Amino acid sequence: MRTVPAAVGAPVSRVEGPAKVTGAARYSGEIPLGQMAYGWVAQASIARGQIDSVDAAAALGMPGVIGVLTYENAPRLTAAADDELLVLQHNRVRYRGQVVALVVAGTLEQARAAAEALPVSYAAEPHDVILRADHPGMYAPGHVNPNYVTDTATGDVEAALTGAAVQVDETYSTPAEHNNPMEPHAAIARWDDDGLTVWDSNQGPTLVHRTLATLFGLEASAVRVITEHVGGGFGAKGSARPHTVLAAMAARTFGRPVRVTFSRQQQFCLVGYRTPTIQQVRLGADADGRLVALDHLAYSQTSTVVEFAEQTAVISRVMYASPSLRTRHRLVALDVPTPRWMRAPGEAPGSFALECAMDELADACGIDPIELRVCNEPAVEPEGGRQFSSRHLLDCLAEGARRFGWADRDPRPGVRRDGRWLTGTGVASSTYPARSMASTATASAWPDGSYEITIAAADIGQGARTAITQVAADELGADIAQVTARIGDSGYGPAMIAGGSMGMASWSWAVAKACRQLRAQLPASLRPAETITVRADTTSDVAALPDLLRHSFGAQFAEVRVDVDTGEIRVPRMLGVFAAGRILNPKTARSQLIGGMTMGLSMALHEESIMDAQFGDYVNHDFAGYHIAAHADIGAIEAHWIEESDGQLNPLGVKGLGEIGIVGAAAAIANAVWHATARRQRHLPLIPARILS
Ligand code: MOS
């Protein structure tokens, strides 16, 4: 019956591409509203203590200033799950850079000038901002993100380690890193008779909508969050952030629309970052490399505002078979900004430690690192015994080895030299959970033969709008030109965020369900006399999923060159092969995967937020001091995937691609640096000073 080519699986270009490149697409800070005022935050200049006074009168005397919100006059908020959103509710300072006031003025420049000149006096207290494994405040949190148990243990790991023929016991560390989406956080808020409308840059309007309704004590129907175009998130926009709350407060107080945007520097304080980690990995194996013990202990930090517990060691619960397996997480609350999600939270830093340790074990056993992974491949979940819905790690390693040319590799480290450069290659495994969450969507058929989909999804650059259009076109038997996908509006009903690689794995289900129901109601002509709209909700479908372990897997390969004089590392080649379920759009999929791998290279070589112990702040909080891999840092990157059909996920078999590309990438590079230089690198980033020391 099909008369149009299948859209799913086709390399469709982004449907909003023309709007974006012509500037017609408006981002959240660009909505033109009359009477707009501009808010700029003033930030704490101490890391701990209390505000004694804010001289708002001084700001009010400056040009254009409309008002100043402080803890003394800001609207009261209802307690929310995230205390970081309770801005301007008290005079405690819990980290340097915390919001202490919002200055609102007629222009952005006036607001900024007054905020930066705002006199604030403090009673400072000594602060504590440095993560160390022996910090006396270390504790075991009640769970780690999002809701994993903190510690697990199977078998007697200590006894198994003691008796193991081969042992690896090393400590690895990863630094604080700041997610820097191209578009800084931005919100415009407007109150009218219907309630609160916010144009907000986030990874999904549903969560922000709920949060604002709670904070301001409003009915859900009195809040609308619009998120049409978003310039990246990487986790920093995964939940409501303070800019949105401030814009809503100011718009209510001053009776006109207010825009609040953060500068690049403010992004480094107010919207989250990846916690630094210290990780001890202990592996025990028999002489053939078969694991008898795996012990992964991870330390990380949180703030005194919110407990954010990175799930760093969780990756070791799924990767390799071992009769004794222990994972533990410890956390300390410091006087620092709250860490948050950053692309593959948990798996990104955790894979660095585990996959480097596996490389060290391969060397200690004298076997190939791919062979080591093959002989430790589990048949079921290593610690819990659940079945995997699908697991194609070994296929990824084999296909990657073939494409990369691994068979020709001389395993000896430190023996290849090309002029000033030592060269080497490395490999690491990758994984990321594959989850679907409940979402709602509508599908409408119009008399002219066109269709409209609505879903509160967010397109943060990954291509969600396009993939949703493709899914709908296929389900409806239509051409993609007949389908308009409207996304990014809380008014469309609840939907999953673009986070945790769960976006398309969730939205595609709701869209497909709505389209199937719609199609069943269409006349044979496919042109209804009047518009038909159906709404689908996948809550019960998702709840009925069987209890399986669902993960994507991948294999990361890297080739490096290390300058013997300067310690500079170049990465001429990266290659990844992934088993990540059904690929809806190879063009946007490839883009996500090489984006993740690029971010992994950036993690390996460049990114590090440096804490100044004296001032209690990350000092390199701009793009002059914080380097993110640029085009010139990147050589050839290839991302491939293997066909994977997994009927145990969701109707389209989507696993999600947002994070798996970064997982294991830094380990592959560090392992290649060892292969080049014969020196292990256990502390990121691999900057020249570290290589030379
Ligand atoms: Mo992603 S760090 O789950 O938004």
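The first residue in the sequence is number 1, and the count goes up from there. From a predicted model like this one, the values you see are computed outputs, not experimental measurements. Computed from heavy atoms alone, side chains included, the values below leave out hydrogens, waters and symmetry copies.
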**Student:** Given salt bridge (Lys or Arg N to Asp or Glu O under 4.0 Å), test D489 with R224 step by step and report yes or no.
**Tutor:** CA-CA 7 Å; D489 189 329; R224 183 176 173 203; 2.5 Å; yes
**Student:** Side chains of H185 and N202: any donor to acceptor distance under 3.5 Å?
**Tutor:**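 No, no side-chain donor-acceptor pair sits under 3.5 Å.
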**Student:** Could you point out which residue of L102, V104, N73, L69 forms a side chain to side chain contact (heavy atoms under 4.5 Å, CB included) with T253?
**Tutor:**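 Filter result, single survivor: L69.
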**Student:** State whether a side-chain donor-acceptor pair under 3.5 Å links S490 with T206.
**Tutor:**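 No donor-acceptor contact under 3.5 Å links the two side chains.
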**Student:** Which one of I278, I130, L334, V129 satisfies the side chain to side chain contact (heavy atoms under 4.5 Å, CB included) criterion with Q301?
**Tutor:** L334
**Student:** Could you list the donor-acceptor pairs under 3.5 angstrom formed by side chains in residues 52-62, with sequence neighbours left out?
**Tutor:**
residue : atom : partner : partner atom : Å
S53     : OG   : S121    : OG           : 2.8
D55     : OD1  : A57     : N            : 3.4
D55     : OD1  : A58     : N            : 3.3

**Student:** Any side-chain donor-acceptor pair under 3.5 Å between D200 and T227?
**Tutor:** no
**Student:** When you check the side-chain N and O atoms of T338 and E84, is any donor under 3.5 Å from an acceptor?
**Tutor:**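 Per modelled atom types, T338 and E84 side chains form a pair under 3.5 Å.
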**Student:** Any chance the rings of Y71 and H90 have centres within less than 6.0 Å?
**Tutor:** no
**Student:** Could you give me the CA-CA distance, side-chain angles and deciding distance for E183 and K237, then say whether salt bridge (Lys or Arg N to Asp or Glu O under 4.0 Å) is met?
**Tutor:** CA-CA 11 Å; E183 179 206 18; K237 297 175 183 170; 3.2 Å; yes
**Student:** Taking the side chain from Q279 and the backbone from A298, do they hold a donor-acceptor pair closer than 3.5 Å?
**Tutor:**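 Flag not set: sc Q279 to bb A298 has no pair under 3.5 Å.
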**Student:** Compute the centroid of each ring, for Y626 and then for Y618, and state whether the two points are separated by less than 6.0 Å.
**Tutor:** no
**Student:** Less than 6.0 angstrom separating the ring centers of W191 and F254, yes or no?
**Tutor:**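 No, the ring centres sit 6.0 Å or more apart.
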**Student:** Are a donor atom and an acceptor atom from the side chains of N180 and R264 found within less than 3.5 Å of each other?
**Tutor:** yes
**Student:** Keeping to residues at least two apart or across chains, list the side chain to side chain donor-acceptor pair (under 3.5 Å) pairs with something in residues 19-37.
**Tutor:** E16-K20
**Student:** Do H329 and T150 get their side chains close enough for a donor-acceptor pair, meaning under 3.5 Å?
**Tutor:** no
**Student:** Do S602 and E607 meet the criterion of a side-chain donor-acceptor pair at a distance under 3.5 Å?
**Tutor:** yes
